[in-house]
Amino acid sequence: MTTLPTVELTVYAYECDAYGHLNHATALALLERARWESLARGPGIDLFHRNGVAPVVRKAAVDYRAPAFPGDALRVELSVAERGTTSWTVRHVATRANDAVVILEADVVLVCVDRAGRPTPFPEELVGVFGPRTTGAHPTRRVAIEGAELAVDVRGDGVAVLFVHGFPFDRTMWGAQLAGLTRCRRIAPDLRGVGDSRATRGEYSMARYAEDLVGVLDALEVRRAVVCGLSMGGYIAFELLRRHPDRVRALILCDTRASADAADARQRRDELAGLATREGPDAVGERLIPNLLAASTRADRPEVLEQCRAMGRRYTVAGMAGALEAMRDRVDSTDLLSKIAVPTLVMVGAEDPTSPPAVMKVMADAIPGARYVVIPGAGHLSPLEQPLTSSRAIADFLEGLPASTA
Ligand code: MLT
């Protein structure tokens, strides 16, 4: 259990009722004060504000054990009794400082919400303060494939959906979908050389990535999966479809493109690989990431930008240079589009600067029967920037899948 700084608060006369003891409604206010005071003494009273989120109380259970009187100094010990993806429970134990009599014990369940009041996964700094997940913790699977060991998050039952991250991101970009799409089996690997995956050999290509994904499906005994790829993840999805069409039940193409790199783009890949080698993956992340997000994400949700930077830092140099090489050398998939015979959702952030809606619409029009969805207020990372709208679009698509494609 993670403990938070203990605080001492004095009971004032105006907080007490006709019997002279602490009133139950003001006791709740006192617990609230204790939580803020504890933050002020620990990570800072602006912990939530500076991360673009806020705490809201969902439930409070108080067990009153003894009366407290004006002038009593109460020692309030606080700890995180439980932590989920978006909520946590703070246990409060208030004792009178001078005789250690327990006055009350309380469990308060709080939810982390974004500026629009929507539950949102804890930003990284809050994870550091409130500790690791205690509820429904899902151990990460490790799958060994051809010189690599891939870290894979696997959750739930139902239609298998394989989430393939983009560049320079990792599987944690799908956090909201892993938490929220509870009616399907969510599978999210880190590609080789990325995040918690290790690679001992230096082979990087779209073919290698696609075979790695097949290895993940085999290890999980999944015959066919809905493949949901963002940007580079989309390039890999095309390759998987070319090599193993029988493993793809449906496609979700987010913020990606079918065309190959033009000469200038190929040259930029080499420059970035050089930068990764000379200055480390962080330098590449710094160069690329800020421009990928929507203006509103940059202005209002600094925690998203921070999460993206953190993902970029989790690449090895070989993993980053390898991904750049694989993207540089990928083949053009434009001819493949008209041959796609599985249900397809094409989803794009309205402000995506690198695979803009106009490009994605042409792609969707070329895929027989494809559904096309634009996510407002999102740039290149719609599932992360607008998690609820993106997850809703994915859930609607999954619900509409014909049973015959099982
Ligand atoms: C990505 O998000 O995967 C990248 O934008 C892909 C690319 O650089 O082509």
Side-chain angles (χ1 to χ4, degrees), residues 162-175 177 188-195 197 204-206 208-210 212-213 227-240 251-276 281 283-294 297-298 304-305 307-315 319-334 346-357 359-360 363 375 378-386 390:
L162 178 62
F163 291 95
V164 190
H165 64 76
F167 175 90
F169 312 112
D170 65 21
R171 72 188 198 283
T172 62
M173 61 156 285
W174 302 109
Q177 287 68 42
D190 274 340
L191 296 171
R192 56 176 58 218
V194 180
S197 290
Y204 288 89
S205 63
M206 289 300 149
R208 182 64 267 159
Y209 288 138
D212 286 352
L213 295 182
V227 180
C228 174
L230 182 131
S231 200
M232 180 174 80
Y235 311 157
I236 301 170
F238 288 135
E239 188 65 23
L240 187 59
L251 265 182
I252 303 174
L253 299 167
C254 313
D255 303 279
T256 190
R257 45 171 73 230
S259 54
D261 275 3
D264 56 338
R266 288 168 59 84
Q267 193 184 332
R268 273 198 303 278
R269 304 282 190 203
D270 290 339
E271 284 161 14
L272 287 173
L275 184 63
V284 173
E286 268 319 303
R287 174 143 343 154
L288 294 179
I289 292 166
N291 301 325
L292 295 177
L293 303 175
T297 308
R298 287 198 302 271
V304 172
L305 179 57
Q307 186 185 346
C308 289
R309 287 186 166 128
M311 289 191 276
R313 286 195 285 270
R314 290 200 284 263
Y315 277 64
M320 183 162 269
L324 286 160
E325 197 179 306
M327 288 190 284
R328 180 197 66 195
D329 295 341
R330 74 187 190 279
V331 300
D332 196 303
S333 295
T334 310
V346 173
M347 188 168 95
V348 60
E351 298 172 47
D352 186 337
T354 65
S355 36
V359 171
M360 292 288 283
M363 182 162 85
I375 307 291
H380 189 53
L381 282 150
S382 28
L384 186 60
E385 297 180 69
Q386 293 296 338
S390 302

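Remember, it's 1-based here, ligands and their atoms both numbered in the order they're listed. Keep in mind that this is a model prediction, so the values were computed, not measured.
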Mind checking what residues have non-hydrogen atoms under 4.0 angstrom from ligand 1?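 Residues within 4.0 Å of ligand 1: G166, F167, F169, S231, M232, Y235, R269, M327, H380.
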For [X], enumerate each residue passing the ring-ring contact (aromatic ring centres under 6.0 Å, His included) test, keeping only those at least two apart in sequence or located in another chain.
| X | result |
| --- | --- |
| F167 | Y315 |
| F238 | none |
| F163 | W174 |

Would you say the side chains of S382 and D255 form a donor-acceptor pair under 3.5 Å? yes
Decide if atom CZ of R287 counts as having more than 12 heavy atoms of other residues, nucleotides or ligands within a radius under 6.0 Å. no
Between the side chain of D190 and the main-chain N/O of R171, is any donor-acceptor distance below 3.5 Å? yes
